[in-house]
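Small disclaimer: the values here were computed from a predicted structure and weren't measured.
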Amino acid sequence: MTDHIKITEEDGIRIVRIDRVEKKNALTQDMYQAMAEALETMADSDLGAIVFFGAPEIFTAGNDISDFMARAMTTDLTTSPTIRFLKALVTCEKPMLAGVDGKAIGVGTTMLMHCDLVYASDRASLKTPFLTLGLVPEAGSSLLAPKIMGHQRAFELLVLGETFSAERAREAGLVNQVVADSELEAATLAAAQKLASLPPEALNLSRGLLRSNSEDIIARIEEESRLFAMRLKSDEAREAFMAFMEKRPPSFVKKAS
């Protein structure tokens, strides 16, 4: 277990707070495990919704690179806590909400595509630098993003790697409402409490009608993770990660044979 994921419950809501501010809320495998368990145990609870928060000015910087690379070299990524968490996002039977303040990088952005409601502060920003690292999109985002945003904007976010401001994310359909940072948690919790007060059976049925087919999303997550694992062993990814660690621009020019 980890101290970097704080789980509390109040007013019929489970709150999952990412709390590793000294590392910009970068996610380790232990943190993924804790969040997966928080989602998986919702089904057997009387709780009406689950809410994800980060810290002031940082939702999450995405994967902890050192932890991620160490695990990637010794374990099967397709059965990792990361994949367990992503699949739990798909199969969670209760409404999921997120309140995003500051940067949401990588999985910090793609996990929002699984949430039923997303609120963002006016200083929030979303970015997925997968291609910059020689990788491919994950979390089912290659399937969900075009449905939510349309192909061109999804391509801009996932492939070109452009940063989306909170307002741009709202216009694209990734965010429901943009509020002042001082109002973010109150707005997100108010929506969660409203959901928790609705008739639970009617809520579950209605939510099921609106959400995409879970089998299709899980299949896409598995396909993405297979390609992701392959890409980690590629020359492009090695160069990208080395450049990142050495704080220099990467070079992807192929040498003449």
Side-chain angles (χ1 to χ4, degrees), residues 1-21 25 27-56 58-60 81-101 104 107-121 124 139-140 144 148 174-177 179 181-215 217-218 221:
M1 195 51 69
T2 174
D3 294 331
H4 297 308
I5 299 295
K6 310 291 186 188
I7 300 173
T8 56
E9 294 176 3
E10 59 181 68
D11 299 324
I13 300 164
R14 176 168 290 167
I15 299 171
V16 177
R17 191 178 300 275
I18 306 169
D19 185 22
R20 196 184 179 214
V21 180
N25 278 0
L27 299 169
T28 64
Q29 294 300 293
D30 289 341
M31 294 165 73
Y32 279 118
Q33 182 92 354
M35 292 193 294
E37 290 174 0
L39 286 165
E40 290 165 350
T41 54
M42 285 294 291
D44 296 326
S45 74
D46 293 328
L47 299 167
I50 184 166
V51 177
F52 292 95
F53 286 128
I58 182 69
F59 185 65
T60 173
T82 304
I83 301 303
R84 179 181 172 186
F85 168 66
L86 298 180
K87 290 183 177 180
L89 285 171
V90 179
T91 58
C92 182
E93 296 180 4
K94 303 291 179 71
M96 299 178 292
L97 301 87
V100 181
D101 187 21
V107 71
T109 289
T110 55
M111 67 179 285
L112 303 179
M113 299 175 191
H114 296 272
C115 291
D116 299 289
L117 293 170
V118 178
Y119 295 83
S121 75
L144 293 173
I148 296 169
L174 279 173
V175 167
N176 291 85
Q177 186 176 347
V179 299
D181 58 275
S182 60
E183 301 171 3
L184 177 65
E185 293 207 4
T188 309
L189 291 173
Q193 288 161 3
K194 185 174 182 179
L195 285 169
S197 70
L198 294 173
E201 290 183 9
L203 173 60
N204 185 53
L205 290 168
S206 299
R207 181 174 179 265
L209 289 169
L210 288 170
R211 289 177 70 83
S212 298
N213 185 289
S214 61
E215 293 180 0
I217 302 172
I218 288 175
I221 288 173

Legend entry - Ile15 vs Leu189, side-chain contact (heavy atoms from CB on, under 4.5 Å): CA-CA, chis, key distance, verdict: CA-CA 9 Å; Ile15 299 171; Leu189 291 173; 3.8 Å; yes
Inset, instruction - Take Leu89 and Met35 through the test side-chain contact (heavy atoms from CB on, under 4.5 Å) and record every step on the way to the result. - result: CA-CA 10 Å; Leu89 285 171; Met35 292 193 294; over 6 Å; no
Legend entry - Which atom of Val179 lies closest to which atom of Ala187, heavy atoms considered: CG1-CB, 4.4 Å
Inset, instruction - Using a 4.5 Å cut-off on heavy atoms from C-beta on, say whether the side chain of Arg17 contacts that of Thr8. - result: no
Legend entry - Heavy-atom closest pair, residues Leu184 and Gly99: CD2-C, 3.8 Å
Legend entry - Donor-acceptor under 3.5 Å (Thr60 side chain, Asn25 main chain): yes
Inset, instruction - Would you name the heavy atoms of Glu40 and Ala88 that are closest together and state the gap between them? - result: CG-CB, 4.1 Å
Legend entry - Check: Ser121/Asp101 side-chain N/O donor and acceptor closer than 3.5 Å: yes
Inset, instruction - Answer yes or no: is there a side-chain heavy-atom contact under 4.5 Å between Ile5 and Ile18? - result: yes
Inset, instruction - Working to the nearest 0.5 Å, report the span between CD of Gln177 and OG1 of Thr188. - result: 9.0 Å
Legend entry - Least distance between heavy atoms, Ala120 atom then Val175 atom: CB-CG1, 3.9 Å
Inset, instruction - Drop me the distance from Leu198's CG to Gln193's CD, to the nearest 0.5 angstrom. - result: 12.0 Å
Inset, instruction - Compute whether any side-chain donor of one residue and acceptor of the other, for Thr41 and Arg14, lie under 3.5 angstrom apart. - result: yes
Legend entry - Glu37 side, atom CD; Gln33 side, atom CD - distance, nearest 0.5 Å: 5.0 Å
Legend entry - Arg20 and Thr2, any side-chain heavy atoms less than 4.5 Å apart: no
Inset, instruction - For residues Leu97 and Ala49, report the shortest heavy-atom separation together with the two atoms involved. - result: CD1-CB, 3.9 Å
Inset, instruction - Count the heavy atoms belonging to other residues, nucleotides or ligands that lie under 6.0 Å from CG of Asp46, then report whether that count exceeds 12. - result: no
Legend entry - Leu86 vs Val107 side-chain heavy atoms within contact, under 4.5 Å: yes
Inset, instruction - Quick one: closest heavy-atom pair of Pro95 and Gly48, and the distance? - result: CD-O, 3.2 Å
Inset, instruction - Measure the shortest side-chain to side-chain distance between Leu195 and Leu117 over non-hydrogen atoms and say whether it is less than 4.5 angstrom. - result: yes
Legend entry - Value rounded to 0.5 Å, distance of OG1 in Thr91 from CD1 in Ile218: 6.0 Å
Inset, instruction - Answer yes or no: are there more than 12 heavy-atom neighbours, outside Lys6 itself, under 6.0 Å from its atom NZ? - result: yes
Legend entry - Any side-chain heavy-atom pair of Met111 and Met96 under 4.5 Å: no
Inset, instruction - Please report the C-alpha distance between Asp30 and His4 in whole Å, then the side-chain angles of each, then the deciding distance to 0.1 Å, and finally whether the side-chain contact (heavy atoms from CB on, under 4.5 Å) criterion is met. - result: CA-CA 9 Å; Asp30 289 341; His4 297 308; over 6 Å; no
Inset, instruction - Mind checking the CG-CE spacing from Leu174 to Met113? Nearest 0.5 Å is all I need. - result: 5.0 Å
Legend entry - Residues Leu27, Tyr32; criterion side-chain contact (heavy atoms from CB on, under 4.5 Å); working and verdict: CA-CA 7 Å; Leu27 299 169; Tyr32 279 118; 3.7 Å; yes
Inset, instruction - Give me the ring orientation class for Phe85 and Phe52: parallel if the planes are under 30° apart, tilted from 30 to 60°, perpendicular past 60°. - result: perpendicular
Inset, instruction - Measure the NE2-CD1 distance between His114 and Ile217 for me, rounded to the nearest 0.5 Å. - result: 6.5 Å
